[in-house]
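Atoms within each ligand, like the ligands themselves, are counted from 1 in listed order.
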Amino acid sequence: MVNQFSAFNRPAILSLLQTEHFDLLIIGGGITGAGIALDAASRGLKVALVEKNDFAYGTSSRSTKLIHGGLRYLKQLEFGLVKEVGSERAVVHKLAPHLVLPEKMLLPLSEKKGLGYWLTSIGLRIYDFLAGVKPEDQRKMLTRVQTLKHEPLLRKDDIKGGAIYAEYRTDDARLTIEIIKKAFQFGAVITSYCLTEDFVYAEGIISGVRVRDVVSDTAFTIKSTVVVNATGPWVDELRERNKSKKGKKLHLTKGVHIVLPHEKLPVQQAIYFDADDGRMIFAIPRGVVTYVGTTDTTYEGDKDHVLTLPEDAAYLVQAINITFPTAGISVNDIESSWAGLRPLIHEEGKSASELSRKDEIFESPTGLISIAGGKLTGYRKMAERVVDLVSENYFSGKALKACYTKHIKLFGAEFGNAKDVNRYITTIEERLRLLNISDHFGRYLVYNYGKQTDWLIENIANYPDPDRDQALIKTELDFTINQEMVLTPLDFFVRRTGMLYFDRRRLEKYSAVALDLFQKHFAWSDTVLNQQKQDLSLALNECLKFKNK
Ligand code: FAD
């Protein structure tokens, strides 16, 4: 039994994967795989999960980071989808109130494009109704003057009114890792950096997978009664290997976000506005930045190398300048960016943005269960459907619990409600001041780690560095290595702390310190250290590569 999700326990985890026989093996450590692992392990199944890179390396760290009902799906008349994901918002908020935060969204109404005032008013009413939004949070329609008061940066000659409606924002990669940690606590055997290369069959039915530990470059077999393919954009690759890519297939569409210093686009709250071509775009303030996205274009390139292109950046900059003319943004103002792939189900004759976001399950004659499509927001219900299917078809004789993930709080989420989160932030800010650390980290720490921030505050004293922010970074690194399976600087800077996107300056200031600590913790040779340095600087360059073209 391995009881801590620590990088130092990885050899023991790999040994369990090689020796045990599992009920269910999940391929893919994005939000979909994580959700399935938690649901299945909490019901009583013996679960394993393998991820080829870091957890949330794929789409689950590259979304708009909203737990949202999907207003645009209402336009596409997908009432079922709006109802399911709309209702899930409040559930996921309760599971992690520090990580899934209520966010009022401003929807400005333009004279020249988009829906009219009354259609929007009725549409948002239906949206609130389908999602069961509490009366105090239901949509409020705004006059032109009220809308401009909410956001003075908006183009004044074009606004005829607006609306405020309820959504939630999150950090997708943190949500994924917290679910992974919970699944591990329920006994799931989970590892990152373990690539599934092929399937193993017994009498024509899948009986396991052949994987490669990419850290040591060694291959081994994992035995399992059922195998689920939750590899998002890579789903069809594994279906192809299983010779079961028949009928429906994936249609990948790329979505790009750009990050600007908040002072360059000082929006006062999250805004959802129309681009000139009718696409809806979000501008979301987060700490010292505002991020804006997304594009939606068909993608057929390398799935492990999805980049923001000059035309993506130009499209978003143009949309910003039309909507917020005084901002005067140029491509040079962009500080960071990310690009992700939507693993959607292909529909003949439909364009990228018309494709449904609904999830679907494919079962192959050899027993491979693949799940594709869907949303970050709907991960829990998607998992429930997969695990229901697995338990009915394979484990009907086993006394399994019914799905109860609705009641499984994530780590650090011991809060009653959003007000409790704010009170906790205040106490953390006070404690930071006493430790001579800038209190502006309070909000960041609580939104990232919730009540696990107590561990960080208690352990900062391990590092007497005169630069107290440096001591904080080192403590965060200790926490994420020992409790969140961080193996590389990119795991830490991209998917545990989001610094590559949201605080590049802090990353650049402390990357050498972090690399040094990694080398000490993992006894890296200079060759490994140099490789890791190169990977980090490549990632820093790639998110701004479009500037040099
Ligand atoms: P992924 O996160 O891609 O996970 C699949 C994992 O499988 C990857 O980590 C990959 O490394 C691993 N893998 C692949 N092949 C193998 C292999 N052979 N062996 C082992 N592991 C393997 N949804 C929302 O609800 N809200 C939003 O705001 C939102 N915004 C979005 C914005 C954009 C631009 C995009 C692209 C999507 C957005 N979505 C949003 C949708 C949401 O992000 C995705 O539906 C979700 O993240 C998909 O998760 P996943 O686990 O299925 O795939």
Side-chain angles (χ1 to χ4, degrees), residues 25-37 49-70 72-73 81 84-86 88-89 92 100 103 167-173 175-176 179-180 191-199 209-214 222 227-242 250 252-257 270 272 281-282 284 291 293-297 299 303-304 306 308 312 337-344 352 357-359 370-380 382-383 386 495:
L25 170 85
I26 300 143
I27 311 170
I31 192 85
T32 308
I36 298 170
L49 182 147
V50 286
E51 159 58 50
K52 70 170 179 168
N53 198 291
D54 182 27
F55 305 110
Y57 155 79
T59 309
S60 300
S61 55
R62 303 160 200 241
S63 76
T64 309
K65 307 178 194 300
L66 290 173
I67 294 296
H68 65 151
R72 61 188 289 272
Y73 314 132
L81 185 61
E84 178 170 299
V85 287
E88 273 303 286
R89 296 176 305 178
V92 189
V100 178
E103 174 87 36
E167 291 287 19
Y168 294 84
R169 70 188 155 94
T170 190
D171 186 288
D172 44 10
L175 185 61
T176 305
I179 298 169
I180 289 274
T191 189
S192 51
Y193 294 98
C194 193
L195 169 75
T196 299
E197 292 185 323
D198 211 344
F199 297 99
V209 294
R210 190 90 191 129
V211 297
R212 180 167 298 277
D213 169 20
V214 294
I222 307 175
V227 175
V228 168
N229 169 13
T231 55
W234 292 266
V235 154
D236 275 353
E237 273 182 20
L238 286 173
R239 289 173 75 212
E240 210 153 75
R241 189 149 281 277
N242 175 237
L250 290 197
L252 303 182
T253 81
K254 184 174 88 164
V256 164
H257 291 83
Y272 190 20
I281 296 192
F282 292 99
I284 301 177
Y291 65 93
T294 167
T295 58
D296 198 355
T297 47
Y299 185 82
K303 293 187 272 295
D304 284 282
V306 193
T308 303
D312 301 320
S337 81
W338 65 90
L341 298 177
R342 299 177 185 84
L344 306 177
R357 267 54 178 169
K358 262 197 0 236
D359 58 288
S370 301
I371 173 142
K375 305 275 304 161
L376 188 78
T377 309
Y379 80 90
R380 208 186 58 80
M382 286 165 72
V386 171
R495 288 166 296 267

Using the ring of W338 (Phe, Tyr or Trp, six-membered ring only), decide whether K65 places NZ or CZ under 6.0 Å from its centre and within 45 degrees of its axis. yes
Can S192 and D54 be counted as having a side-chain donor-acceptor contact under 3.5 angstrom? no
Compile the protein residues with any heavy atom at a distance under 4.0 Å from an atom of ligand 1; present them by chain, then by number. I27, G28, G29, G30, I31, T32, V50, E51, K52, Y57, G58, T59, S60, R62, S63, T64, K65, L66, H68, C194, L195, T196, A230, T231, G232, P233, W234, G255, H257, T294, G340, L341, R342, G374, K375, L376, T377
Check whether any side-chain heavy atom of T196 sits under 4.5 Å from a side-chain heavy atom of R210, and report yes or no. no
Measure from NZ or CZ of R169 to the centre of the six-membered ring of F282 and say whether it is under 6.0 Å with the direction within 45° of the ring axis. no
Just by distance, with hydrogens left out, do R239 and T231 show a side-chain donor and acceptor under 3.5 Å apart? no
Per side chain to side chain contact (heavy atoms under 4.5 Å, CB included), C194 is matched among V211, N53, V214 by V211
